[in-house]
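Beneath this line is the structure, given in structure tokens, with notes to follow.
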2 protein chains.
Amino acid sequence: MLAPLLNKLNQLEPLGQEDQDAFLALPFRVKEVEAGQIILDEGKHSTGCIGLLAGFTYRHRTLRNGARQIISVHVPGDFPDLQSGLLGTAIHTLQMLTPGRLALFRADDLQRLVSERPAIRDALWRETLIDTSICGEWVANVGRRDARGRIAHLLCEFAMRLRSAGLLEGDSYELPMTQDQIADATGLTAVHVNRTLQEMRRTGLIHTERRMVKVNDWDRLAALGDFNPQYLHLEAVRN
Amino acid sequence: MLAPLLNKLNQLEPLGQEDQDAFLALPFRVKEVEAGQIILDEGKHSTGCIGLLAGFTYRHRTLRNGARQIISVHVPGDFPDLQSGLLGTAIHTLQMLTPGRLALFRADDLQRLVSERPAIRDALWRETLIDTSICGEWVANVGRRDARGRIAHLLCEFAMRLRSAGLLEGDSYELPMTQDQIADATGLTAVHVNRTLQEMRRTGLIHTERRMVKVNDWDRLAALGDFNPQYLHLEAVRN
DNA sequence: CGCCCTGTTGATAATATTCAATGAGTGTGG
DNA sequence: CCACACTCATTGAATATTATCAACAGGGCG
């Protein structure tokens, strides 16, 4: 049941058998959730800690002028609320992008595990550091790329992370985001996202059908998005 | 000598006497650095770990089209390269904004300290989490605010962090950034930053002289920047 | 069948960029 | 002490990119 999380931890830091056993011995509750369901609300006190077993989540924040910005997206294996879990308050809303399945841990159980198992501590710490790294790349994405670049970069990142989570073979995948959500992730308007996606289809970069994205020309897409996967720190996988 | 760092750690997590002694017993080297000096280069392998004793640093990244984006700015007491230090490779360039003074630690010394002293581990972990939180706010800043809002927000954040570091009384402070650098932090052009700052001066929001910023109307500035300091997690100070 | 969500289109407007030139301040060497 | 170079700030005009507003189309679902 916890396999996606254990895989991810092992990618972050190779765990010994005892570490793995200790992690699997952790008490937890499984929760099935629907698309759109809010997991954690902005400003609320957060007590537990969540591991994402299936489906996708996203964190976002609504400004006072009503504009919304998506801060991050999470794939199975991620711990989408380590931040609020450890800092005590959620600064963002955490919401399901798709239906999914969560593992709920108690904060103090995790705290104890981390104290007793340095390898797991390091793995989780690396997870938060990579979070920061991705977030920094998003700052650059939204701050310094034009619309085509931003969207291309988002598509590349998502594909890469799916592949690393073992959820993608080939170059077709389901991007579970509406154009509205892509707009909120890239700092654009939905209208402009629509027109930009059309252009990308017209020039043969990608093909979309329903929510399925097929990348026709990965190299050109990566070039357009100035995509360099270093910031995802996937080389950890190969250690 | 290490007082700024120790203060910061204590704000993040109250340390006992033994924790403090252990931290102060850490071997380190002090390095005086000039404005503009590069501390850590994009892509380089990073071995040590840095504490900022005096002056300001910033992390930035240059895209292939030549555009530059500043990802974060650090004030004395911060550990500006925990990320690259623990992940092994620097993904961004770390550079001095002003002349300053660094404390250089060895990565394995710090690693040992963290294993032996859970309170220090928690403090440093919180530091990285707050880093992420700030980074997320920057995504929202650059993604969803207009030029005036972005700059106002930057000014508010900097003032708040300076105050928290004990470097600011009243509402005047030196913003050690050129308009070019403000532009790179906010995802704007220097020309537009210039015009926007002029407008902010004209409407009496701020006053600038040399690199000194005086905030004339904090409330209006905070409103303009939609500034809510929660994301800085300074309440840790009051614990 | 009708509603709601998502995607699409067109026209217009606002915001920010680009390019190019000038000024003001600072430090350097002759 | 002055000329010179350099960096940073400022200005204007033209342009580009993206937002806004409003309307409509299509598909899935109760």
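A, B, ... follow the sequence lines: proteins, then strands. Residue 1 opens every chain. Please read these numbers as outputs of a predicted model, since none were measured by experiment.
One interatomic measurement links the two molecules: CD1 of A:Ile151 to C1' of D:dT18, which rounds to 12 Å at whole-angstrom precision. One can place CG of A:Asp146 at 12 Å from P of D:dA19, the figure rounded to the nearest angstrom. Between B:Arg145 atom CZ and C:dA16 atom C1' the separation is 18 Å, expressed in whole Å. If you measure from atom CD of B:Gln179 to atom P of C:dG25, you get 14 Å, rounded to the nearest angstrom. Distance A:Leu188 CG to C:dA16 P: 14 Å, rounded to the nearest Å. Between the P atom of C:dC5 and the CE atom of A:Met177 lies a distance of 19 Å, rounded to the nearest Å.
Taking the six-membered ring where tryptophan is involved, the planes of B:Phe158 and B:Phe56 are tilted, since the angle between them lies from 30° to 60°. The aromatic rings of A:Tyr58 and A:His60 sit parallel, their planes meeting at an angle under 30°, below the 60° perpendicular limit. Taking the six-membered ring for Trp and thresholds of 30 and 60 degrees, A:Phe105 and A:Phe79 have ring planes inclined between 30 and 60 degrees apart.
Within residues 56-73 of chain B, no residue is approached by DNA chain D to less than 4.0 Å at the level of any non-hydrogen atom. The stretch residues 191-200 of chain A touches DNA chain C through A:Val191, A:Asn194, A:Arg195, A:Gln198, each having a heavy atom under 4.0 angstrom from the strand.
Backbone-only contact: B:Gly187 has heavy atoms under 4.0 Å from sugar-phosphate atoms and none from a base. Nucleic acid contact for B:Ala190: none, since no nucleic acid atom lies under 4.0 Å from a heavy atom of the residue.
The side chain to side chain contact (heavy atoms under 4.5 Å, CB included) check on B:Met1 picks up B:Phe28, B:Val30, B:Leu53, B:Arg101, with sequence neighbours excluded.
The phosphate of D:dT17 (OP1 or OP2) has no side-chain N or O of A:Arg148 nearer than 4.0 angstrom. Side-chain nitrogen and oxygen atoms of A:Arg201 include at least one within less than 4.0 Å of the OP1 or OP2 phosphate oxygen of C:dT8.
Interatomic distance, CG of B:Leu224 versus CZ of B:Arg148, reported as 6.0 Å (0.5 Å rounding).
Other residues, nucleotides and ligands place no more than 12 heavy atoms under 6.0 Å from the CZ atom of A:Arg29.
With hydrogens and angles left out, the side-chain atoms of A:His153 and A:Glu137 include a donor and acceptor closer than 3.5 Å. With no hydrogens or angles considered, no side-chain donor-acceptor pair links A:Asn7 and A:Gln11 at under 3.5 Å.
For B:Arg211, whose side chain is taken as the heavy atoms from C-beta onward, the closest listed nucleotide among C:dA16, C:dT17, D:dC8 is D:dC8.
Between A:Arg144 and B:Asp184, at least one side-chain nitrogen of the basic residue sits less than 4.0 Å from a carboxylate oxygen of the acidic one, meeting the salt-bridge criterion.
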